[in-house]
Amino acid sequence: MNCTKTLRRLDMYMDSELSVPENMEVLEHLNLCRSCQDVFQVEEKLRDTLKVELARPEPPAGLADRVRRAVREAPPQPAVIHRRRWWKVAAVAAVFLGVAALVFLSPGREQPQALAAEVAARHGSVRPEFYATARPDAMALAGDRQGLQEFFHRFVSYEVCLHDFKPLGYTPVGGAVWKFRGQSVAWTTDRDSRGHVISHALVTMPIAMEKKPMLLVESGRPVLLVPQEKLGRTCIFIFDDQADAEPFLKMMGIR
Amino acid sequence: VATDWSEGEPAAAQEVQYLSADDLETIGEQVGDAARETLLKMPPDLRIVFLLSSVDDLSYKEISETVGIPLGTVMSRLFRARSFLRKELSDAAKLRKPESGRSTP
């Protein structure tokens with residue numbers, strides 16, 4: 001066993017994935033070779049540190065609150081755009097947003113209207129079975145948002161929208177991963193006792209809008225975009241109808 | 001055992017660039033932040049495999065079952081994820097060492 005061979009197998013050795021004889025070979029070489037031992041020690045230290053640093057037992061307790069506060073601190077009036085009143089908005093936009101348009105509507109940024117149209121069309125296609133397929137034991141978590149977040153973070157590794165609809169009488173029921181603008185995005189669904197549904201997700205993509213909440217209506221479905229403080233993330237919410245969106249906007253301090 | 005190498009070369013055929021002791025020392029306590037930044041940049045397909053292995057200590061077989069991909073794909077994704085991380089950490093270390101090497105312009 002030489003250095004090259006040992007170093008090729010070092011990861012698998014550390015992962016305990018080598019056969020017994022292969023394992024012995026690596027071990028023997030490490031005992032004899034100082035330079036490979038050095039590599040091993042750095043790697044071991046790195047692994048130990050990362051295990052601690054990257055562990056995500058659960059989202060911090062105050063995170064949802066902080067997100068809500070951040071949203072509340074945003075300017076009180078969201079840019080509200082209804083399709084039917086598009087001409088009005090266009091007129092206002094022409095006057096006030098002339099310069100802003102050049103900045104925000106630059107190519108390469110996702111247009112909010114197009115985004116809203118696509119998510120509105122997919123609203124309701126999230127399914128409870130997703131949890132069952134991806135991770136059978138996660139089915140036990142339906143109804144437990146904290147648990148679902150943890151599930152997504154630990155086992156699926158997608159970013160998940162942290163907003164909680166419990167105060168409005170909604171319970172998490174399911175989710176799906178949509179291939180969306182080249183990204184895999186985890187969408188979760190909350191449902192209330194009448195069977196009304198809110199689907200929502202956290203996406204990381206540049207969107208051509210200002211850093212304040214924006215409500216659009218596409219195919220009769222209100223779509224709310226709430227930019228988060230950091231990293232160009234946006235929470236997207238889709239409601240069944242305007243009446244469902246209102247209490248949420250109120251809870252978020254947007255209305 | 002049937003393995004699927006379609007997503008890349010088998011790990012054993014590629015040379016591994018490990019992080020040097022010097023680089024690890026330079027990053028020091030910021031290694032966690034640097035790694036988290038790297039994870040955000042890492043394609044989700046690689047990220048999940050990496051986290052399941054490095055944080056959750058799942059075996060290749062367990063990862064294969066959890067994610068629903070062949071064993072060989074687990075190995076090649078893990079290899080790519082680690083290479084990606086090592087490269088990023090090594091770059092981060094170099095950025096943090098502005099004094100060394102070129103004290104004069």
Side-chain angles (χ1 to χ4, degrees), chain A residues 3-19 22 35-57 133-138 150-159 177 179-180 182-186 204 230-233, chain B residues 1 10-25 27-63 65-68 71 74-75 78-79 81-83 85-86 89-90:
Chain A
C3 294
T4 314
K5 266 185 161 179
T6 302
L7 293 181
R8 273 181 195 161
R9 290 183 179 177
L10 195 58
D11 270 327
M12 285 185 77
Y13 170 76
M14 298 185 78
D15 290 335
S16 313
E17 295 282 350
L18 291 178
S19 66
E22 284 172 328
S35 83
C36 284
Q37 217 178 81
D38 287 347
V39 173
F40 172 75
Q41 275 167 4
V42 171
E43 197 57 29
E44 196 175 39
K45 197 172 162 193
L46 178 64
R47 283 181 178 227
D48 288 347
T49 313
L50 291 182
K51 191 182 291 272
V52 176
E53 289 282 346
L54 300 179
R56 291 182 291 185
T133 337
R135 187 83 194 178
D137 52 7
E150 187 178 337
F151 158 69
F152 272 113
H153 278 282
R154 289 176 63 82
F155 297 111
V156 190
S157 171
Y158 296 101
E159 300 299 337
V177 173
K179 275 283 175 200
F180 189 67
Q183 294 179 20
S184 295
V185 178
T204 307
K230 277 186 181 174
L231 298 163
R233 291 182 184 160
Chain B
V1 180
Q14 297 179 20
E15 293 310 324
V16 187
Q17 280 296 324
Y18 291 100
L19 201 65
S20 70
D22 200 27
D23 282 350
L24 188 59
E25 181 126 339
I27 309 176
E29 289 180 353
Q30 284 158 318
V31 68
D33 288 337
R36 276 186 287 274
E37 276 172 34
T38 303
L39 279 185
L40 288 176
K41 286 191 239 166
M42 195 183 276
D45 287 353
L46 303 190
R47 183 169 52 186
I48 179 177
V49 170
F50 177 77
L51 285 173
L52 288 174
S53 171
S54 305
V55 180
D56 297 299
D57 273 333
L58 297 197
S59 70
Y60 295 174
K61 188 166 177 289
E62 286 170 321
I63 298 173
E65 285 161 3
T66 305
V67 184
L71 204 59
V74 173
M75 290 160 78
L78 203 48
F79 175 81
R82 288 196 171 123
S83 304
L85 179 75
R86 285 171 184 139
L89 291 183
S90 149

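Note on naming: letters A, B, ... go to the chains in the order of the sequence lines (proteins, then strands), and numbering restarts at 1 for each one. Everything numeric in this text was worked out from a predicted model, so none of it was measured.
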Handout entry: Any side-chain heavy-atom pair of A:Glu17 and B:Ser59 under 4.5 Å
Key = yes
Completion exercise
Comparing B:Asp33, B:Leu89, B:Asp57, B:Leu78 against chain A, the one with the most heavy-atom pairs below 4.5 Å turns out to be B:Asp57
Fill in the blank from the handout: One option among A:Leu10, A:Thr4, A:Val52 has the most heavy-atom pairs under 4.5 Å with chain B, and it is A:Leu10
Practice task
Please round to the nearest 0.5 Å and tell me the distance separating atom CG of A:Leu46 and atom CG of B:Asp23.
Solution key: 11.0 Å
Practice task
Look at the side chain of B:Tyr18 and the backbone N and O of A:Leu7, then say whether any donor-acceptor pair between them is shorter than 3.5 Å.
Solution key: yes
Problem - Minimum-distance pair of heavy atoms, taken over all atoms of A:Leu50 and B:Ala35 - result: CD2-CB, 3.4 Å
Practice task
Kindly indicate whether the side chain of A:Thr49, heavy atoms from C-beta on, has any atom under 4.5 Å from the side chain of B:Leu24.
Solution key: no
Problem - Distance in Å, A:Met12 CE paired with B:Phe79 CZ, rounded so as to fall on 0.5 Å steps - result: 12.0 Å
Exercise for the section: Evaluate whether atom NZ of A:Lys51 has more than 12 neighbouring non-hydrogen atoms of other residues, nucleotides or ligands under 6.0 angstrom away. Expected result: yes
Practice task
Go through the atoms of B:Leu85 and report whether side chain, backbone, both or neither lie under 4.5 Å from a heavy atom of chain A.
Solution key: side chain
Handout entry: CD/A:Glu44: more than 12 non-hydrogen atoms of other groups inside 6.0 Å
Key = yes
Practice task
Would you mind checking which part of A:Asp11 comes under 4.5 Å of any heavy atom in chain B, side chain (CB onward), backbone (N, CA, C, O), both or neither?
Solution key: both
Practice task
Taking atom CD of A:Gln37 as the centre, report whether more than 12 heavy atoms of other residues, nucleotides or ligands fall under 6.0 Å from it.
Solution key: yes
Practice task
Between chain B and each of A:Glu53, A:Lys45, A:Gln41, count heavy-atom pairs under 4.5 Å; write down the option with the most.
Solution key: A:Glu53
Exercise for the section: Could you tell me the separation between the CZ atom of A:Arg47 and the CZ atom of B:Arg82, rounded to the nearest 0.5 Å? Expected result: 4.0 Å
Handout entry: B:Arg86 bridged to A:Glu43 by N-O distance under 4.0 Å
Key = yes
Practice task
Any chance you could measure B:Leu58, atom CG, to A:Asp15, atom CG, to the nearest 0.5 Å?
Solution key: 11.0 Å
